[in-house]
K.L.:
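Next up is a structure, given as structure tokens.
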Amino acid sequence: MNALFAPGFFTNGIVHSALIVGAVVAVVAAVVGTFTVLRAQSFAGHALGEVGATGGSAAILAGTNPLWGFIGIAVVAAAAIELLGVRQPRSRDLATGLVLGAGLGLAALFLYLGTTSQSTTGASITVLFGSLFVVSMQMVPSIVTLSIVALAIVVVCYRRLLLTSLNPDLAAARGVSLRPVSALYLLALAIAVSLSAETIGAVLSTALLVGPPAAALRLTKRPIAALVAAAGIGVLATWLGILLAYDSYTWPPSGRGWPVSFFIVVFVFCFYLLAQLRGRKVTRG
Amino acid sequence: MSARVLEGREAPVLSLRDVSADLAGRRVLDGVTFAVQPGEFTALIGTNGAGKTTLLRVILGLQPTSSGTVELAGARRGRRSVGYVPQKVLLDPDMPLRARDVVALGMDGHRLGIPVSPRAGRVRRARVEAALASVDALDFADARVGTLSGGEQQRVLIAHALIGEPELLLLDEPLANLDLRSQHEVVALLARVAEQHRVAVVMSAHDMNPLLPVMQRIVYLAGGRAVSGSTEEVVRSEVLSALYGHHVDVLRVHGRILVVAGEGDEPVRPPGEEPGSVESGIVSVP
Ligand SMILES: Nc1ncnc2c1ncn2[C@@H]1O[C@H](COP(=O)(O)OP(=O)(O)OP(=O)(O)O)[C@@H](O)[C@H]1O
Ligand SMILES: [Mg+2]
């Protein structure tokens with residue numbers, strides 16, 4: 001037992017909040033991410049994560065929690081993508097790429113200023129690679145509120161999201177205006193990416209966003225089942241990651257522990273491979 | 001103007017008056033006028049680039065017009081009742097949707113929230129089942145929709161369009177990519193639907209021949225202009241020559257109709273058309 005759950009795992013307060021926050025964020029990332037995959041917007045998700053890092057590092061410079069900077073910039077970037085973007089996937093990717101390029105330059109600047117002026121190297125590392133173990137308890141209510149907003153958008157727009165992802169013309173013919181759906185969806189995406197970045201970091205947030213849904217889509221042909229499976233895979237990967245990260249404090253090179261984000265992403269990838277093997281039979285029938 | 005309107009006793013489900021539309025600064029539809037009566041089967045015929053897709057999108061309101069009016073019966077009563085099957089839809093094989101889910105979205109895809117009530121669920125399932133049955137799609141109702149063949153997807157999309165009980169069903173080249181047998185089946189199916197549900201069907205095609213047995217009206221598009229009427233009224237050498245702006249012959253062979261660009265006389269041709277060219281797609285050599 002102790003070999004798996006290192007002493008103190010179940011009594012440690014930091015571990016508790018990591019398990020809760022990690023699960024909430026994994027669910028939001030998986031539910032929003034399922035539509036990211038279906039709408040072929042993984043690139044937009046990735047770009048929002050990278051650009052959001054600008055806001056995260058600026059917030060650290062300003063002395064507030066990086067999540068607020070992250071959300072702020074991600075929402076602005078999402079609006080820019082929506083305004084620049086057109087319906088053709090290629091033009092949309094171009095718009096995304098332009099916003100990404102503009103954002104990354106600023107991110108580099110702020111991270112540089114942050115590390116040199118205040119010797120907060122740790123903070124920059126946190127923005128880029130995150131850590132569930134340093135999410136402060138005060139942030140929990142904000143994280144939960146933001147999660148509810150993102151999930152509510154998906155639940156309210158659920159059928160419209162499915163129909164517009166299936167084929168925009170079919171949706172428009174049914175009287176669905178495409179613009180509000182796509183704008184609301186990008187807002188949910190900005191929130192999901194920011195939350196993922198807060199926990200596993202800007203660089204790895206895309207993995208949590210699209211990994212579990214990509215695996216889930218191999219396993220089922222029903223939309224609700226896909227959402228549930230994606231959420232399950234995301235939560236499982238996150239919890240297993242936290243467990244191993246906690247255990248790793250006793251691993252070499254001893255004392256510092258391995259980053260929890262690393263473990264989460266590895267588990268996400270393993271689940272994807274497993275689903276890929278398992279899922280070949282599920283498509284037809 | 002070369003367009004004609006047939007007077008019907010009932011109010012038409014669809015009427016276009018002098019509709020023009022421009023795409024990228026080019027006039028793609030030019031003074032199109034016609035009306036469709038309830039339950040009528042209309043063939044929208046034209047070569048590649050004649051403007052068929054544009055015309056259907058104009059009717060749906062997906063493409064703005066430059067001038068003219070489009071009136072839909074349902075729109076007057078504040079209810080959308082147009083079903084649409086776009087051209088060349090290829091559904092993503094990764095979509096976690098069964099054929100029956102796609103059909104259900106035709107009924108309530110515009111609604112908000114996630115459907116949960118079990119009672120509503122039963123009613124919903126029964127309607128989906130009936131729609132699938134009406135297009136002979138029950139065999140693959142539970143297959144992931146993106147893995148179905150083009151013809152099977154076509155049927156699912158027709159069911160998706162029909163389940164909203166539209167008064168008008170618009171189909172953009174539903175026979176493209178179908179083998180001859182499936183073409184006949186789809187045409188028979190649409191004729192049956194038009195008759196039983198009293199749905200006006202407007203379907204585009206580049207070849208009118210598969211539709212001859214069932215169509216009650218033809219809207220013939222060329223160079224953005226249209227003539228409308230019965231097959232006998234429209235598919236005549238004088239009418240089509242006037243529409244094309246150069247001489248064309250209409251040949252009736254073995255119950256098929258061939259429209260062939262004429263030879264000899266110097267055509268008054270619309271811009272962009274080769275003199276004496278064969279209108280590909282409309283001409284079919286048996
Ligand atoms: N988005 C667009 N921008 C500019 N021109 C366009 C656009 N879409 C269509 N067109 C032009 O409008 C004309 C009519 O196109 P449309 O797609 O309506 O033809 P169609 O009759 O449906 O042809 P097909 O049989 O090939 O489907 C064509 O000449 C085409 O080049
Ligand atoms: Mg077309």
Side-chain angles (χ1 to χ4, degrees), chain A residues 31 34-40 42 87 89 151-178 180-181 184 210 213-230 275-276 279-285, chain B residues 53 56-57 59-63 74-75 78-102 104-116 140-148 152-153 156-157 160-161 163-164 166 168-170 172:
Chain A
V31 168
T34 299
F35 288 100
T36 311
V37 174
L38 295 181
R39 300 166 74 82
S42 309
R87 265 169 54 189
L151 289 178
I153 289 175
V154 172
V155 168
V156 169
C157 300
Y158 172 70
R159 283 178 274 191
R160 295 186 179 201
L161 281 169
L162 281 178
L163 195 51
T164 50
S165 314
L166 184 70
N167 182 284
D169 279 344
L170 287 180
R174 282 241 57 73
V176 174
S177 347
L178 304 175
V181 176
L184 275 175
V210 301
L217 290 173
R218 300 266 145 266
L219 297 175
T220 173
K221 53 188 179 183
R222 296 176 189 226
I224 300 269
L227 292 174
V228 171
Q276 193 71 303
R280 304 223 180 266
K281 327 166 199 142
V282 192
T283 47
R284 182 129 187 167
Chain B
T53 299
L56 293 177
R57 292 175 57 85
I59 296 170
L60 281 160
L62 300 180
Q63 164 70 43
R79 191 174 79 91
R80 285 186 76 88
S81 58
V82 184
Y84 178 45
V85 180
Q87 184 174 11
K88 279 191 289 195
V89 221
L90 264 189
L91 301 173
D92 179 359
D94 278 343
M95 268 285 159
L97 292 171
R98 298 162 298 168
R100 64 171 74 249
D101 298 319
V102 171
L105 284 174
M107 173 171 51
D108 60 12
H110 58 290
R111 296 261 177 83
L112 299 179
I114 297 182
V116 279
F140 41 86
D142 287 311
R144 200 187 262 243
V145 73
T147 64
L148 296 175
E152 290 167 334
Q153 289 189 16
V156 173
L157 291 175
H160 167 98
I163 197 170
L168 177 63
L169 183 56
L170 306 176
D172 201 354

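Each chain gets a letter, A, B and so on, in the order the sequences are listed, and its residues count up from 1.
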K.L.:
Answer yes or no: is there a side-chain heavy-atom contact under 4.5 Å between B/M95 and A/L217?
P.N.:
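When only atoms from C-beta onward are counted, A/L217 and B/M95 do not touch, as no gap falls below 4.5 Å.
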
K.L.:
Looking only at non-hydrogen atoms, find the nearest pair between A/R160 and B/L112 and report the distance.
P.N.:
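Shortest heavy-atom contact: NE-CD2, 3.6 Å.
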
K.L.:
So which heavy atom on B/L60 is nearest to which on A/A173, and how close?
P.N.:
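So the minimum-distance heavy-atom pair works out to CD2-CB, 3.9 Å.
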
K.L.:
Could you have a look at B/A161, B/P86, B/G146, B/G113 and say which one has the most heavy-atom pairs with chain A under 4.5 angstrom?
P.N.:
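It is B/G113.
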
K.L.:
Side chain, backbone, both or neither: which part of B/L157 has a heavy atom under 4.5 Å from chain A?
P.N.:
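Only the side chain of B/L157 comes within 4.5 Å of chain A.
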
K.L.:
So, does A/K221 use its side chain to make a donor-acceptor pair with the main chain of B/D142 at under 3.5 Å?
P.N.:
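Yes.
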
K.L.:
Under the salt bridge (charged side-chain N to carboxylate O under 4.0 Å, His left out) test, which residues partner B/D94, sequence neighbours left out?
P.N.:
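In terms of salt bridge (charged side-chain N to carboxylate O under 4.0 Å, His left out), with neighbours along the sequence ignored, B/D94 is linked to A/R218.
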
K.L.:
Heavy atoms only, distances under 4.5 angstrom: which of A/L38, A/L161, A/N167, A/L162 has the most pairs with chain B? Name it, please.
P.N.:
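Heavy-atom pair counts peak at A/L38.
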
K.L.:
Does any heavy atom of chain B fall under 4.5 Å from the side chain of A/I224, the backbone, both, or neither of them?
P.N.:
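For A/I224, the contact with chain B is made by the side chain alone.
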
K.L.:
Is the shortest distance from a Lys or Arg side-chain nitrogen in A/D169 or B/R57 to a carboxylate oxygen in the other one below 4.0 Å?
P.N.:
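Looking at A/D169 and B/R57, the cut-off is met.
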
K.L.:
Please give me the minimum heavy-atom distance between B/G109 and A/V176, naming the atom from each residue.
P.N.:
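Heavy-atom minimum between the residues: O-CG2, 4.3 Å.
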
K.L.:
Does any heavy atom of chain A fall under 4.5 Å from the side chain of B/L97, the backbone, both, or neither of them?
P.N.:
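Both parts, backbone and side chain.
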
K.L.:
With the side chain counted from C-beta on, respond yes when B/D92 and A/S165 share a heavy-atom pair under 4.5 Å apart, and no when they do not.
P.N.:
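Of all side-chain heavy-atom pairs linking A/S165 with B/D92, none is under 4.5 Å.
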
K.L.:
Output the option from B/A141, B/G106, B/A104, B/P115 having the highest count of non-hydrogen pairs under 4.5 Å with chain A.
P.N.:
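Option with the top pair count is B/P115.
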
K.L.:
Donor-acceptor pair, distance only, cut-off 3.5 Å: does the side chain of A/R174 make one with the backbone of B/M107?
P.N.:
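Here the side-chain-to-backbone pair does not exist.
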
K.L.:
Heavy-atom distance under 4.5 Å to chain A: side chain of B/L91, backbone, both or neither?
P.N.:
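Answer is side chain: those atoms of B/L91 sit under 4.5 Å from chain A.
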
K.L.:
So, taking the atom named OG1 in A/T164 and the one named NE2 in B/H110, what distance separates them when rounded to the nearest 0.5 Å?
P.N.:
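A/T164 OG1 to B/H110 NE2: 14.0 Å, rounded to 0.5 Å.
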
K.L.:
Tell me every residue that passes salt bridge (charged side-chain N to carboxylate O under 4.0 Å, His left out) with A/R159, counting only those two or more places apart in sequence or in another chain.
P.N.:
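Residues passing salt bridge (charged side-chain N to carboxylate O under 4.0 Å, His left out) with A/R159: B/D108.
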
